[in-house]
2 protein chains.
Amino acid sequence: MNNRRIPKYIQLKNELLSWLESGKLQRGQQVPSENEIAEQFGMSRQTVRQTFGELEKEGWLERIQGKGTFARSPERREGEQVKTIGIITTYISDYIFPHIVRGAEAELRSQGYRLLLSSTDNNKEKEMESLQLMTSQPLSGLIIEPTKSAEGNPNLAYFLELQEKGIPYLMINEKYRELECACLKVDDEAGGYKAAQYLLEQGHTQIAGFFKRDDLQGVNRLKGFLAAHKAAGISASPKRVVTYTTEQKSDFPYQQALQMLAEGEKRPTAFVCYNDELAVMLMEAVAASGLQVPEDVSVIGFDDSSLASASGTKLTTLTHPKTVMGQTAASRLIAMIEQGEQAEDMVYEPELIERDSVAKINKG
Amino acid sequence: MNNRRIPKYIQLKNELLSWLESGKLQRGQQVPSENEIAEQFGMSRQTVRQTFGELEKEGWLERIQGKGTFARSPERREGEQVKTIGIITTYISDYIFPHIVRGAEAELRSQGYRLLLSSTDNNKEKEMESLQLMTSQPLSGLIIEPTKSAEGNPNLAYFLELQEKGIPYLMINEKYRELECACLKVDDEAGGYKAAQYLLEQGHTQIAGFFKRDDLQGVNRLKGFLAAHKAAGISASPKRVVTYTTEQKSDFPYQQALQMLAEGEKRPTAFVCYNDELAVMLMEAVAASGLQVPEDVSVIGFDDSSLASASGTKLTTLTHPKTVMGQTAASRLIAMIEQGEQAEDMVYEPELIERDSVAKINKG
DNA sequence: TACGATAACTTGTACGTACAATCGAAGAGG
DNA sequence: CCTCTTCGATTGTACGTACAAGTTATCGTA
């Protein structure tokens, strides 16, 4: 019945493999002896041996002299599972990123996955390098924090390659607009809203905002900041809104703050800062201007990083899930890999933590 | 000449492998035909075929019907360039460790290596998990920060496995005593010495020391601390030396400090702390006791972490190479992998950074 | 010269025999 | 009851034959 062109030993091999697949041969179960098979299939023992030899080399069978031949699910099938997950973040050593990585690492290790880590320093070329390295060898999944998410995404090809290869990935903190992809993030707009709203409730009306504009996180926080003003019927002066890029972050906002603080009575009474890192920097600007936080100027940060409680004046700030987000991202990605689950967005609500950097203003 | 117990086809296999190793058979070169080999070695063609079959499965030979058999260096040797390096640290998210990881990551990425990251939380079982995961798939090299280096090393077997597989590794911060292995570290003893010496020069005589005892780093810093006292002819009171373990770190030293500070006039005038993290904690103890740094109590930290300059009172501390150490570790490991260079120890000299947490004491 | 047939050589498939080495169970002996 | 031996079953090693299938070079013919 079989095509005579197919060698007998290959036919036998296929037959045995189908036995294994159908469960007719359970792992550990003994296979009929070489002589039995030979008789049954009408071939010589040598031919059967050839088949068995290949199947043994490939890990399907185990032959034990004097005992017999036994089926075993090839270890490779399990071992071949790559079980390596990559994480690409903008930064590794600074700020809240170590905590995100840590959460993911702990989860991955407990699930038997290995973690490949790479950073981009918020630089598109390095993001490309990282993607290249990550995809150069088998990978189970990828977690990415977008680099300069507000700008375009020149590395789209790599993400399409991931989709083609069926490698699931998800984003944290932000997503690239061009990509259909699940994302775990903080509701940045709500955060910006809450920060401004809180200050307004405390009686502040002259509020300056400092936001990063090359990350969508900054753009969204600014959006919330403006929305809160609108809701309160107070207009936010454009002069009081400073936006900056990654490259400018170490100097430009600081200078702008100094300038505002030098305006005497017309100076703002509060700063809403893109994140704690900037907040700490601006607190130094306040001190350098001979003023005090919160007596003269109130400051609100973002992300509740260690900086917030380490600094001299404990910083009022908004929470960021950090470790939990890393852990959740990892466990969701594993679910996508192992159960093939569909990815869904997840949005964390930031909450305000009141500390010592905001003062109440008594009107009149 | 060969032991008759060794099957002929195995003997032939070994012979051919030695040809490949010695260069008698260059890759790509044609191997004598089955019949020639059979005649030459006085065996049947079937036996030669058995040998060739195995060597082909293992990737040493390539057989082409009608053409002949050809040697090929198994792709594994060159093609499978793994280019993945693992790093196992005690912590990922805290303290100076993110900076070490970052230095290593940047170097590895620029050299085209991928970084596998894992942490142990200073816990031996997790170290085992990490080693298991790391070695479960091909690896080019490994950088390890020992977990509880002052205690024994129950995971010795994994390190021996690395040596067997020819995977180079090196240690940072400390080394396990049981292992012959290159190590990049700070001269902790010199650091402890410098810290104590500096305080003694400032007129302090009642100096308390707080050191971790399950890491060799802490043991060595304590050693230097004591040596400086001896050199100055001042005895360090055992009551003033507190040692603690990882598990105790969040509470025990704090309580001990409170107790010392409650001794009134007899209280110590300075604290030498295992690291900045502890120093910040003890500064809080000082504040909680109604005292001030540096007026009432001077504090010296270690490692010049971000905590040192973020805190209210800027901390006088000793330097740690951090990022540079990570970068150097990576580049040395790559040299070991690619040039087969021998690993050498590298010791960094810590330097004292004077900030605001130490006061001069006027004698009399 | 260009082309195809052929021969010589290679490895691939398939069958066969014989005996060795090993394992496990059955049986013999204490 | 325990131990040793024996024996049958199984895989391992080694040799052999025969023919199929693919590659290459040579030779003969148009």
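All chains are named by letter (A, B, ...) in the order of the sequence lines, taking the proteins before the strands, and each is independently numbered beginning at 1.
The 5' end of DNA chain C is approached more closely, in terms of each residue's nearest nucleotide, by Gln50(A) than by the other of Gln50(A) and Gly66(A).
Of the side-chain N and O atoms in Lys67(B), none sit less than 4.0 angstrom from OP1 or OP2 of dC9(C). The side chain of Arg49(B) places no N or O atom within less than 4.0 Å of a non-bridging phosphate oxygen (OP1 or OP2) of dT11(C).
Lys8(B) is not listed as a side-chain neighbour of Gln50(B), based on a closest heavy-atom distance of 4.5 Å or more. Here the side chains of Asn173(B) and Leu216(B) are not in contact, with every heavy-atom distance at 4.5 Å or above. Residues Pro168(A) and Leu333(A) meet the side-chain proximity criterion, which asks for heavy atoms closer than 4.5 Å. Between Asp215(B) and Glu174(B) there is no side-chain heavy-atom pair separated by less than 4.5 Å. Using a 4.5 Å cut-off on side-chain heavy atoms (C-beta onward), Phe41(A) and Thr47(A) make no contact. Using a 4.5 Å heavy-atom cutoff, the side chains of Thr89(A) and Ile100(A) are not in contact.
Here the P atom of nucleotide dA14(D) and the CD atom of Glu54(B) are 11 Å apart, to the nearest Å. dT13(D) atom P lies 18 Å from atom CZ of Phe52(B), rounded to whole Å. Taking atom CD of residue Glu56(B) and atom P of nucleotide dT10(C), one finds them 17 Å apart after rounding to whole Å. Distance Arg63(A) CZ to dA21(C) C1': 15 Å, rounded to the nearest Å. Going from atom CD of Glu34(A) over to atom C1' of dT13(D) covers 12 Å, rounded to whole Å. We find that CG of Leu61(B) is positioned 15 Å from C1' of dT10(C), with the value rounded to whole Å. Taking atom CD1 on Ile37(B) and atom P on dT11(C), their separation rounds to 9 Å, with Å as the unit. Straight-line distance from the CD atom of Glu62(B) to the P atom of dT10(C): 18 Å, rounded to whole Å.
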>> Could you walk me through whether Glu145(B) and Tyr91(B) satisfy the side chain to side chain donor-acceptor pair (under 3.5 Å) test, starting with their C-alpha distance in whole Å, then the side-chain angles of each, then the deciding distance to 0.1 Å, before giving a yes or no?
In response: CA-CA 9 Å; Glu145(B) 189 205 359; Tyr91(B) 300 99; over 6 Å; no
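For Gln65(A), taking side-chain heavy atoms from C-beta onward, the closest of the listed nucleotides dT13(C), dT11(D), dT11(C) is dT11(D).
Across all strands shown, Glu36(B) has heavy atoms under 4.0 Å from sugar-phosphate atoms exclusively, and none from any base. Using a 4.0 Å heavy-atom criterion, one finds that Tyr9(A) contacts the sugar-phosphate atoms exclusively.
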Taking only N/O atoms, report every protein-nucleotides 15-19 of chain D pair under 3.5 Å with atom names and distance.
residue: dC15(D); atom: OP1; partner: Lys8(B); partner atom: NZ; Å: 2.5
residue: dC15(D); atom: OP2; partner: Ser44(B); partner atom: N; Å: 3.4
residue: dC15(D); atom: OP2; partner: Thr47(B); partner atom: OG1; Å: 2.8
residue: dT17(D); atom: O4; partner: Gln46(B); partner atom: NE2; Å: 2.8

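Ion pair Lys148(B)/Glu247(B) flagged as a salt bridge, since at least one NZ, NE, NH1 or NH2 atom sits closer than 4.0 Å to an Asp/Glu carboxylate oxygen. Taking a cutoff of 4.0 Å between a charged side-chain nitrogen and a carboxylate oxygen, Arg332(B) and Glu344(B) do not qualify as a salt bridge.
Taking a pair as Watson-Crick or G-U wobble with both distances under 3.5 Å, the runs of three or more consecutive pairs in DNA chain C are C:1-30 with D:1-30.
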